Amino acid sequence: MRAVEAKAFGGPEVLTVTEIADPVAGPGEVVVDVAAADVMFLDVVLRGGGGVDFFPVAPPYVPGGAVAGVVSAVGAGVDGSWIGRRVATKTVASAVGGGKPVGGYAERAVAEAESLVEIPEGVDFTRAAALVHDGRTAFTVAAVAKIAPGSRVLVTAAGGGVGTLLVQLAKAAGATVVAAARGGAKLQLAQRLGADTVVDYTEPDWTDRVRSALGGAGVDIVFDGAGGDLGRQALSTMAHGSLIIGFGNAAGGFAEFDPDAAAARDITIVGLMELTNSDIDWEPALGRALAEVAAGRLEVVVGQTFPLDRASAAHAAIEARAAVGRTVLTM
């Protein structure tokens, strides 16, 4: 089969289409004929050699952690009725083809049967692949935040995959939504999706503009998908007794907050590691996200798609901050 390999750590040019052996499903696993593969910011970071202490990979490897497609084979102990069904799923990082790790950037991938979610009618493979990680994240953090009618919500990285979903979920819950992003295209998108106010956080006074948009009142809930200095700055927009959930690092690392300053204002900080190490069951969130899309109540923004042999261009677009919404490879 065809797959994209990262031959070495480096720039997008290290991604090369190659032929490798088909992966084989082990016990409790299935093989998925891939129609669409999610391209994550994490994929870009790992390809460049970052984050390997937490996500150990070594070249050559096939990137990618989420796919949508059709089940073509099942391993021992798996119900054969899965064969032929349209599914969205995470891939098994330890799967091998020709002795090499195989992720989602390939014509076939392996997944654990228990992670499969059937794609409902009316949802295509591209949008389904985009929801595997983003849908789980958005629905889970929204549930943790307990958004109430009248809540004042700030979404950073509002033009990204998770951000576009959170803008919609917060608005549907009756919140006043301020969306912060970089550049006109992302701000216009957030506004179209329901944001009451949009703010460009490349402007030095962006946090002042957030509070001004709320009549001087602080934000009750911050969904921070940006991280870095932008996430840290968001703390100044927050009201006494508010909540910030930091789940992203698009601006360069997860935000580092001053715990004493937060405690003095009774601000609760929830980081990604706290979420992932908690007893929260993330798995049902994908099914809920797919159902909302199928019902027409939620829009999945896939800003750009690339064929498998242009995976390097997909990575370059993400690195250049040119990508809007989700980026997906199609087979």
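Given the structure is predicted, the values throughout are model-derived calculations rather than measurements.
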| request: Is it possible for you to check whether R86 lies under 6.0 Å from the centre of the six-membered ring of F125, through NZ or CZ, and within 45° of that ring's axis? | output: yes
| request: Could you check if a side-chain atom of V87 sits within less than 4.5 angstrom of a side-chain atom of V32, using non-hydrogen atoms only? | output: yes
| message | Could you go through E112 and V92, starting from their C-alpha distance and side-chain angles, then the distance that decides it, and tell me whether this counts as side chain to side chain contact (heavy atoms under 4.5 Å, CB included)? | response | CA-CA 7 Å; E112 294 180 354; V92 176; 3.8 Å; yes
| task | Nearest 0.5 Å please: distance from the CG atom of L131 over to the CZ atom of R288. | result | 12.5 Å
| field | Atom of A106, atom of L308 and distance for their closest heavy-atom approach | value | N-CD1, 4.1 Å
| query | Below 4.0 angstrom, N of the basic side chain to O of the carboxylate: do E299 and R192 qualify? | reply | yes
| query | So do the side chains of V24 and V31 get within less than 4.5 Å of each other, counting heavy atoms only? | reply | no
| Which atoms form the tightest heavy-atom contact between A175 and I147, and what is the distance? | CB-CG2, 3.9 Å
| Straight-line distance of R326 CZ to T164 OG1, nearest 0.5 Å | 9.0 Å
| request: Kindly say whether D208 contributes a backbone atom to a donor-acceptor pair with the side chain of S212 at under 3.5 angstrom? | output: no
| Applying the 4.5 Å side-chain criterion to the ILVMFWY set and letting contacts propagate, would L187 and L166 be lumped into a single cluster? | no
| said: Donor-acceptor check, side chain of R85 to backbone of V70, threshold 3.5 angstrom: yes or no? | reply: no
| field | CZ-OH distance between F9 and Y61, expressed to the nearest 0.5 angstrom | value | 6.0 Å
| Between K90 and E283, is there a side-chain N and carboxylate O pair less than 4.0 Å apart? | yes
| Is there a donor-acceptor contact under 3.5 Å from the side chain of S242 to the main chain of M238? | no
| Heavy atoms, side chains only, cut-off 4.5 Å: are T16 and V4 in contact? | no
| field | Close side-chain approach of I83 and V74, heavy atoms under 4.5 Å | value | yes
| request: Would you check if the side chain of R265 reaches a backbone N or O of L235 as a donor-acceptor pair within less than 3.5 Å? | output: yes
| message | For A129 versus A66, what's the shortest heavy-atom pair and its separation? | response | O-CB, 4.5 Å
| said: Can you see whether D33 engages S72 through a side-chain donor-acceptor pair at a distance of less than 3.5 angstrom? | reply: yes
| request: Measure the shortest side-chain to side-chain distance between D38 and V67 over non-hydrogen atoms and say whether it is less than 4.5 angstrom. | output: no
| remark: So CG of D309 and CG of L15: to nearest 0.5 Å the spacing works out to 12.0 Å
| query | So, do I245 and L243 sit near enough that their side-chain heavy atoms are less than 4.5 Å apart? | reply | yes
| T327-Q304 side chain donor-acceptor pair, cut-off 3.5 Å | yes
| message | Could you go through L165 and L298, starting from their C-alpha distance and side-chain angles, then the distance that decides it, and tell me whether this counts as side chain to side chain contact (heavy atoms under 4.5 Å, CB included)? | response | CA-CA 8 Å; L165 297 176; L298 186 69; 3.9 Å; yes
| query | Between V198 and V324, is there a shared hydrophobic cluster once you connect ILVMFWY residues whose side-chain heavy atoms come closer than 4.5 Å? | reply | no
| said: Pairing donors with acceptors under 3.5 angstrom, does anything connect the side chains of T89 and S115? | reply: yes
| task | Tell me, please, whether W206 has R209 positioned over its six-membered ring: NZ or CZ under 6.0 Å from the ring centre and within 45 degrees of its axis? | result | no
| remark: Tested for side chain to side chain contact (heavy atoms under 4.5 Å, CB included) against I119, the lone hit among V117, V123, L116 is V123
| query | Is there a donor-acceptor pair under 3.5 Å between the side chain of T140 and the backbone N or O of T137? | reply | no
| said: Let's go through V39 and F306 carefully: what are the C-alpha distance in whole Å and the side-chain angles of both, what is the deciding distance for side chain to side chain contact (heavy atoms under 4.5 Å, CB included) to 0.1 Å, and is it a yes or a no? | reply: CA-CA 10 Å; V39 182; F306 296 84; over 6 Å; no
| query | How close do R211 and G218 get, heavy atom to heavy atom, and via which atoms? | reply | NH2-N, 3.7 Å
| query | If you round to the nearest 0.5 Å, how far is CG of D43 from CD1 of I318? | reply | 7.5 Å
| message | Using every non-hydrogen atom in the two residues, find where A145 and I221 come nearest and quote the distance to one decimal. | response | O-CD1, 3.8 Å
| Pair T156, D224: side-chain N/O donor-acceptor within cut-off below 3.5 Å | yes
| said: Can you tell me how far apart CZ (R152) and OG1 (T197) are? Round to the nearest 0.5 Å. | reply: 12.5 Å
| Does any non-hydrogen side-chain atom of E319 lie less than 4.5 Å from one of P12? | yes
| query | With hydrophobic residues grouped by side-chain heavy-atom distances under 4.5 Å, do V14 and V17 end up in a single group? | reply | no
| request: Flag yes if L230 and I267 sit in one hydrophobic cluster, no otherwise; membership is Ile, Leu, Val, Met, Phe, Trp, Tyr, and two members link when side-chain heavy atoms are under 4.5 Å apart. | output: yes
| request: For the pair D266 (side chain) and H240 (backbone), establish whether a donor and an acceptor sit closer than 3.5 Å, ignoring hydrogens and angles. | output: no
| query | Checking side chain to side chain contact (heavy atoms under 4.5 Å, CB included) for the pair H315/V44: CA distance, chi angles, key distance, verdict? | reply | CA-CA 6 Å; H315 276 223; V44 174; 3.7 Å; yes
| request: Look at the side chain of E107 and the backbone N and O of R2, then say whether any donor-acceptor pair between them is shorter than 3.5 Å. | output: yes
| Is L193 close to V301 at the side-chain level, that is, under 4.5 Å between some pair of heavy atoms? | yes
| message | Under a 4.0 Å threshold between the charged nitrogen and the carboxylate oxygen, would K186 count as salt-bridged to D200? | response | no
